[in-house]
Protein chains: 2
Amino acid sequence: MGITERKEREKELKRAMILEEAQKLILEKGLDCLNMDEVAERAEVSKGSLYLYFNNKTDLVLGICHKASAMMNAMTTKVLTENLSGLEMVYQIGINYLTFASEHPEFFRAMRFLENYKDTDQAKNSNYLGLCAQNRQEGFRVMVRAIQIGMQDGSINNTYDPNELAILLWATSHGVVNTAYMHQNTEHFKLLDHLGIDMETMFKSYMKLIGCGIQSESNKNSDSQSFSETHSPNTRSVLTENNDA
Amino acid sequence: MGITERKEREKELKRAMILEEAQKLILEKGLDCLNMDEVAERAEVSKGSLYLYFNNKTDLVLGICHKASAMMNAMTTKVLTENLSGLEMVYQIGINYLTFASEHPEFFRAMRFLENYKDTDQAKNSNYLGLCAQNRQEGFRVMVRAIQIGMQDGSINNTYDPNELAILLWATSHGVVNTAYMHQNTEHFKLLDHLGIDMETMFKSYMKLIGCGIQSESNKNSDSQSFSETHSPNTRSVLTENNDA
DNA sequence: CCCATATACTGACTTTAAGTCATTTTTTGA
DNA sequence: TCAAAAAATGACTTAAAGTCAGTATATGGG
């Protein structure tokens with residue numbers, strides 16, 4: 001009697017399909033204009049049905065966040081399996097985050113939304129909130145692991161506490177990606193007129209800046225320069241102008 | 001015939017009063033629950049009047065953001081007048097930001113809101129948006145100035161471009177303050193269970209980490225340790241637990 | 001194949017909160 | 001004192017989230 005299982009599967013599939021459509025809508029019109037009637041129409045279900053699959057609008061957006069965090073995690077975890085030094089892994093994790101933000105702005109928007117609405121009752125009643133938190137913690141653990149690897153292989157200064165260092169790298173890289181994203185996508189954000197910033201260049205400078213602080217002495221002497229120069233990650237630059245820098 | 005002037009003054013005063021009340025409401029119930037009817041009631045004006053003073057809800061929230069950015073700016077600009085090295089100024093600017101975020105969470109919340117709604121038509125029609133952008137740019141220019149001072153007095157490595165470095169410091173410090181804020185104020189954010197983070201400790205580690213990258217060689221040799229230890233800024237720690245670190 | 005039950009779906013309706021505007025009240029200056 | 005201008009009001013309109021009584025479809029035994 002696999003009927004209940006089949007139904008469960010079908011329900012999950014439909015949920016995914018609705019999320020897909022909502023995602024497209026965000027990409028087209030922006031998260032601010034996301035409208036449940038429209039989502040229902042696009043997904044070819046009635047409004048009532050839509051609310052059978054998602055508790056409320058916040059739940060739906062969190063569903064998208066969950067997809068985003070799962071995707072991020074897959075990318076991040078993969079880095080650990082590559083043949084890289086710990087320091088290079090840390091770099092690659094950052095680049096992945098950057099790539100993700102520029103290739104999936106709708107996911108990035110959704111995650112920024114989440115940051116603002118985490119504390120509402122609606123968010124707290126969503127199953128997705130916990131799943132997102134889990135994914136975030138898992139991603140963070142990968143970062144810690146990369147740092148530990150770096151401390152063992154001698155590429156990262158082992159006088160730090162790995163957890164503390166991971167939090168700082170997490171926090172600062174989020175800040176950098178966020179600022180770069182804002183500069184690119186938000187009309188009224190420019191910190192400095194005529195200063196074009198592309199995400200990739202900015203991230204490289206960032207890695208160079210903190211590289212000094214996290215590298216081991218031996219690593220600094222051997223290839224500190226190459227650290228910020230040799231890598232050419234497959235991140236496409238999204239910026240149009242770049243007068244400065 | 002100073003009547004129009006007096007009226008203008010009164011109008012501005014009333015606007016400020018309404019903002020004050022709205023701010024209190026955010027502090028009490030959170031930005032998510034901010035409700036225009038309630039703002040009107042608290043400010044002892046009718047709803048219609050409220051809309052004479054503010055175009056719409058976004059305008060009102062941007063009004064609060066504007067207050068916040070003005071306050072931030074005053075703090076930041078003052079640092080330039082103090083008898084500090086450029087590097088110490090940079091540190092102090094960061095600490096000010098941190099202090100601001102922990103002492104005025106309602107302002108911090110409003111500014112985070114702004115980040116999400118900058119691109120809506122409502123925000124674009126608000127006069128406050130431009131004023132906020134101006135303040136942000138002014139704050140940024142102070143940061144650049146501090147860096148230039150540091151390059152001149154020899155405390156900051158002068159191989160960087162001051163603008164680029166300022167953007168990186170801006171971006172990373174925002175990331176750090178934001179992450180620390182989330183850890184403290186958001187239930188479902190913990191990157192690591194049982195890891196208590198207080199904003200001040202985290203910010204000090206951050207400054208230590210990037211200190212290596214921005215300090216001049218001479219500064220590193222003379223007092224690099226003291227850089228992250230001697231300062232005891234008057235930031236009250238808001239965190240309750242702190243098991244780790 | 002038919003029917004009773006369960007499950008899934010529907011869209012008209014309710015609710016909530018932002019935003020408007022015709023009317024009233026207050027202020028101004030002759 | 002009063003007419004015109006300015007300011008203030010709150011009942012109303014609108015938009016969009018969220019609900020639910022009723023309808024349709026699927027299931028499984030007889």
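Quick note on labels: first sequence line is chain A, next is B, and so on, each numbered from 1.
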Can you find a side chain N or O atom of [X] that sits less than 4.0 Å from OP1 or OP2 on [N]?
| X | N | value |
| --- | --- | --- |
| Gln122(B) | dA18(C) | no |
| Lys14(B) | dA8(D) | yes |
| Lys47(A) | dG11(C) | no |
| Ser46(B) | dG10(D) | no |
| Arg6(B) | dA6(D) | no |

Salt bridge or not for [X] and [Y], using N-O below 4.0 Å?
| X | Y | answer |
| --- | --- | --- |
| Glu106(B) | Lys24(B) | no |
| Lys29(B) | Glu38(B) | yes |
| Glu20(B) | Lys67(B) | yes |
| Arg15(B) | Glu12(B) | yes |

Which nucleotide wins on minimum distance to the side chain of [X], given the candidates [options]?
| X | options | value |
| --- | --- | --- |
| Ser49(A) | dT9(D), dC9(C), dA7(D) | dC9(C) |
| Tyr51(A) | dA17(D), dT9(D), dT10(C) | dA17(D) |
| Asp37(A) | dT9(D), dA17(D), dA17(C) | dA17(D) |

Whole Å only: how far is the [atom1] atom of [X] from the [atom2] atom of [N]?
| X | N | atom1 | atom2 | answer |
| --- | --- | --- | --- | --- |
| Tyr53(A) | dT7(C) | OH | P | 14 Å |
| Glu8(A) | dT7(C) | CD | P | 13 Å |
| Leu31(A) | dA17(D) | CG | P | 11 Å |
| Glu10(A) | dA26(D) | CD | P | 10 Å |
| Leu13(B) | dA7(D) | CG | P | 15 Å |
| Glu41(A) | dT10(C) | CD | C1' | 15 Å |
| Lys7(A) | dT25(D) | NZ | P | 14 Å |
| Leu52(B) | dT9(D) | CG | P | 9 Å |

Query raised in the report: Quick one: on DNA chain C, does Asn56(B) or Val45(A) contact a more 5' nucleotide (nearest heavy atom)?
Result: Val45(A)
Just checking [X]: base, sugar-phosphate only, or nothing, at a heavy-atom cut-off of under 4.0 Å?
| X | answer |
| --- | --- |
| Leu50(A) | nothing |
| Leu60(B) | nothing |
| Lys11(A) | nothing |
| Phe54(A) | nothing |

Query raised in the report: Taking Lys78(B) for the side chain and Asn73(B) for the main chain, is one N or O donor matched with an acceptor at less than 3.5 Å?
Result: no
Query raised in the report: For residues Asn185(A) and Arg109(A), is any side-chain donor paired with an opposing acceptor at under 3.5 Å?
Result: no
Query - First of Gly48(A) and Met36(A) reached from the 5' end of DNA chain D, by closest nucleotide - result: Met36(A)
